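In what follows, a structure is listed as structure tokens, so that the remarks can point back to it.
Every chain is numbered from 1, with letters handed out A, B, ... down the list of sequences. Worth knowing before you read on, the calculation uses all heavy atoms, side chains too, and leaves out hydrogens, waters and symmetry mates. Worth saying up front: this structure is predicted, and the values here are computed from it rather than measured.
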Amino acid sequence: MTAVKQMSNFDVNKIREDFPVLTQTVNGKPLVYLDNAASSQVSNLVIERGSKYLAEEHSNVHRGVHYLSQLATNEYEKARENVRKFINAKESKECIFVRGCTEGINLVANSYGRKFINEGDEIIISAMEHHSNIVPWQMIAEERGAKIRVIPINENGELVLDEYENLLNERTKIVAVAHVSNSLGTVNPIKEMIATAHKFGVPVCIDGAQAVPHLRVDVQDLDADFYAFSGHKMFAPTGSGVIYGKKEWLDKMPPYQGGGSMIRVVTFEKTTYAGLPEKFEAGTPAIASQIGLGAAIDYLNSIDLDAAFAYEHELLEYATEKLSNIEGVKIIGTAKEKASVLSFTIENVHPHDIGTILDQQGIAVRAGHHCAQPVMKFFDVPATARASFAFYNTKEEVDKLAEAVQKVIEVFA
Amino acid sequence: MSELNDLYQEVILEHNKNPRNFREIADANHQADGHNPLCGDALRVYIDLEDGKVKDVAFKGSGCAISKASASMMTQAVKGKSKEEAEVLFEEFQKMVTGNLDIETDENHLGKLKIFAGVLEFPARVKCASLSWHTLHAALNEEETVSTE
């Protein structure tokens, strides 16, 4: 990397040294990784922590009396405590380990849904949701005879909050909404939305996959009832993830999956279930990945995270300005409050062609519908190209993106 | 950009801009829909088959440059051919873009379609090139929809 002008007193070049993947070349060009909303990269700290676990600490958790099992259990539970502190949950047992945000939402939809959602009830979601916050609710709605109601969005890609208030009523059983949209980058005012739902006595499940890596999340301050996120979008390995739930809800909910770990006593007549969090963690979990998530949080705590988030936001604004100034480029998602994500289209060029040409320049972006087909339909595009940033990206990389976009336009001129 | 030029050759860019037979055939006696759920590409292929010959063929839909150009050149290639000849082209095209036919050494009837051999270097784009051909194959064989998944 050549020296890059620093923004926000944040030393990005030093940060980049912590992420070995960023040093490689792709198609003969230095890798410019702008697909962080799909999956982020891991730091040396996480890689080393995973290796140490596999080399020295591996065994099954919550099972053995032997040394290694206890060691693995301790480390696994330390990761949970790390998560608790990071999102400021009241108790670590409110942080259920799952294999990602999708599984977390499915857990709530199934467990909460089977207990509390009945025929004629309503589930509120929004028009900007990822498929993972649509389909689980559709499935449980169909099973329980409930209805899905959808909060609309406006041309900027912001939720229409007046409509949201109108949708809430005594039949509403849960609200499920993204904290940050993966396809538009919109940051939703979820604290206010949760407060509104609570006036109707309705709990709220937040899809936080795109929020936790980009802004401070405090589940108690938000007063979220459920908050799901994935490790692999916050600099941890795949297979790690968390569904936070308020204890008072989780206690009332039945298990999601049955198996080992989640029981107290099993007979053929009746089984009694373990307490939290084990009740929701049937089977051997992704121990190495969750310990990796704990290490990713250690890493985030070791840097000036507020400066990192501020820097990343400046990068998004810089990129937005740069791309907006290119004739033929249209930004999809122009909400006032945005994080990390820059979706765009180029006139008369399909996003897949953009993706391939950018890849030839070493630039990784996502091209497609971003698992948000209703959003694509709303903006009347088959797909978009999406650049998504992390705090290890640089202004120079944004410049390369802009140059490559120019090249796309030249090829298709 | 040398690798890129293998994919985005002038001919392909030109067909993308001005796709041939890009229209509906109102009374087509064969048609099928093809879509690629990965990227959302969707197209419909219309065939008017008369006495076992492709009397007319056309397509409509949306997709990337590769899928559009491929569909456009496909319609040119199969027009006037017998059903069997069209099927041979489908098989040869399929083999070419999956690396099972060497256009230099293996006997084939691909002609201008050889231009799509470059797609081999772009594994993520093979389905874009072959979508229209799968859809043609489905239409010829009375299947209504085809998906590249």
Side-chain angles (χ1 to χ4, degrees), chain A residues 25-29 35 38 130-132 134-135 183 328 332 343 345-386 400 403-413, chain B residues 1-19 22 33-44 59-73 97 115-132 135 147-149:
Chain A
T25 54
V26 170
N27 293 320
K29 309 272 167 51
D35 196 18
H130 187 281
H131 295 164
S132 65
I134 300 174
V135 183
S183 56
I332 306 286
S343 264
T345 57
I346 300 176
E347 208 180 342
N348 299 324
V349 186
H350 192 280
H352 253 201
D353 298 314
I354 302 174
T356 295
I357 295 175
L358 263 48
D359 182 52
Q360 288 303 305
Q361 308 300 307
I363 303 172
V365 297
R366 172 93 186 260
H369 53 58
H370 317 297
C371 298
Q373 288 175 358
V375 174
M376 301 298 115
K377 200 172 170 197
F378 177 83
F379 286 98
D380 197 23
V381 291
T384 73
R386 179 187 71 184
K400 283 185 186 164
E403 279 164 33
V405 166
Q406 286 281 13
K407 198 159 273 175
V408 173
I409 293 171
E410 281 162 29
V411 170
F412 282 88
Chain B
M1 293 287 281
S2 62
E3 312 89 335
L4 258 191
N5 294 339
D6 291 345
L7 186 63
Y8 294 106
Q9 300 187 46
E10 276 306 315
V11 177
I12 289 179
L13 292 171
E14 199 275 321
H15 273 268
N16 172 52
K17 251 189 198 166
N18 308 299
F22 189 65
D33 291 324
H35 82 128
N36 181 347
L38 203 69
C39 58
D41 283 3
L43 57 85
R44 177 170 289 176
F59 78 105
K60 281 293 266 189
S62 73
C64 63
I66 306 302
S67 74
K68 229 183 197 172
S70 177
S72 170
M73 292 178 72
V97 296
I115 202 166
F116 288 98
V119 83
L120 244 184
E121 303 301 317
F122 299 81
R125 309 303 301 275
V126 168
K127 285 176 178 176
C128 308
S130 60
L131 178 63
S132 58
T135 313
S147 160
T148 55
E149 279 303 277

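When the candidates B/G63, B/S62, B/A124 are compared by the number of heavy-atom contacts under 4.5 Å with chain A, B/G63 comes out ahead.
Between A/D353 atom CG and B/L7 atom CG the span is 7.5 Å, to the nearest 0.5 Å. With rounding to the nearest 0.5 angstrom, the OG atom of B/S67 is 6.5 Å from the NE2 atom of A/H350. Interatomic distance, A/I357 CD1 to B/Y8 OH, rounded to the nearest 0.5 Å: 4.5 Å.
Other residues, nucleotides and ligands contribute only 12 or fewer heavy atoms inside 6.0 Å of the CD atom of B/E121.
Residues A/H352 and B/R125 approach most closely at O-NH1, 3.0 Å, considering heavy atoms.
Contact annotation for B/K17: only side-chain heavy atoms (C-beta onward) come within less than 4.5 Å of a heavy atom of chain A.
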